[in-house]
**Student:** 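Structure below; questions to follow.
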Amino acid sequence: ARLFDQREQSTHFKMINAEGENVDLYIPRKCSWTNRLIEAKDHASVQINIGHLDQSGVYNGKYTTVALSGFVRCMGDGDSATDLLWQKKKAGVGQA
């Protein structure tokens, strides 16, 4: 008999519909800055969508999502974390 640890069991049992899409009611988020899990009771956490612009400066319908935990915001690092994350990401998505 093989014993399963808790991590292995949680990866095997997901709610998936007939089309193969994940239909779990709650999918936890991770902080983009600290990689900490954002719990459901973290009411100070935010998720920000940063819009992408084309060459003429018009929104093209694409965006990058940044999630920040309440811990980062409480420490006063939310602005600098968002700025540094976007500076790293914008070259990869073709933003100037």
**Student:** Is Leu53 reachable from Tyr63 through a run of hydrophobic residues whose side-chain heavy atoms are each under 4.5 Å from the next?
**Tutor:** yes
**Student:** Ser45 and side-chain contact (heavy atoms from CB on, under 4.5 Å): which single residue from Leu68, Ile38, Val72 fits?
**Tutor:**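 Among Leu68, Ile38, Val72, the one that satisfies the side-chain contact (heavy atoms from CB on, under 4.5 Å) with Ser45 is Ile38.
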**Student:** For Lys90, look at atom NZ and say whether over 12 heavy atoms of other residues, nucleotides or ligands are found less than 6.0 Å away.
**Tutor:** yes
**Student:** Locate the shortest heavy-atom distance separating Ala44 from Gly70; write the atom from each residue and the value.
**Tutor:**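 That closest heavy-atom pairing would be CB-CA, 3.7 Å.
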**Student:** Rounded to the nearest 0.5 Å, how far apart are CZ of Phe71 and CZ of Arg36?
**Tutor:**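 Between atom CZ of Phe71 and atom CZ of Arg36 there are 4.5 Å.
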**Student:** Do Val46 and Arg73 come within less than 4.5 Å of each other through their side chains, counting heavy atoms only?
**Tutor:**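 They are in side-chain contact.
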**Student:** As an exercise, state the distance from OG of Ser69 to CE of Met75, rounded to the nearest 0.5 Å.
**Tutor:** 10.5 Å
**Student:** Distance check, rounded to the nearest 0.5 Å: Trp33 atom CH2 versus Leu84 atom CG?
**Tutor:** 4.5 Å
**Student:** Any chance CD of Gln55 has more than 12 other-residue heavy atoms, nucleotides or ligands included, within less than 6.0 Å?
**Tutor:** no
**Student:** Which heavy-atom pair separates Val23 from Ile16 by the least distance, and what is that distance?
**Tutor:** CG2-N, 4.1 Å
**Student:** Does a side-chain heavy-atom distance below 4.5 Å link Val66 with Trp86?
**Tutor:** no
**Student:** With a 4.5 Å cut-off on side-chain heavy atoms, are Lys89 and Leu85 touching?
**Tutor:** no
**Student:** Going from NZ on Lys30 to CG on Leu37, what distance comes out if it is rounded to the nearest 0.5 angstrom?
**Tutor:** 7.5 Å
**Student:** Minimum heavy-atom separation for Ala67 and Arg29, please, with both atom names.
**Tutor:**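 Distance-wise, the nearest heavy atoms are CB-NH1, 4.5 Å.
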**Student:** Can you tell me how far apart CG (Asp54) and CD (Gln95) are? Round to the nearest 0.5 Å.
**Tutor:** 9.0 Å
**Student:** Can you establish whether the number of heavy atoms outside Glu39 located under 6.0 Å from its atom CD is more than 12?
**Tutor:** no
**Student:** With the side chain counted from C-beta on, respond yes when Thr65 and Gln47 share a heavy-atom pair under 4.5 Å apart, and no when they do not.
**Tutor:**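 With C-beta onward as the side chain, the pair touches.
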**Student:** Please determine whether the number of non-hydrogen atoms from other residues, nucleotides or ligands lying under 6.0 Å from atom CG of Asp79 exceeds 12.
**Tutor:**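 Open: at most 12 neighbouring heavy atoms sit under 6.0 Å from CG of Asp79.
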**Student:** Ignoring hydrogens, what is the shortest heavy-atom contact between Asp77 and Ser80? Give both atom names and the distance.
**Tutor:** O-OG, 3.3 Å
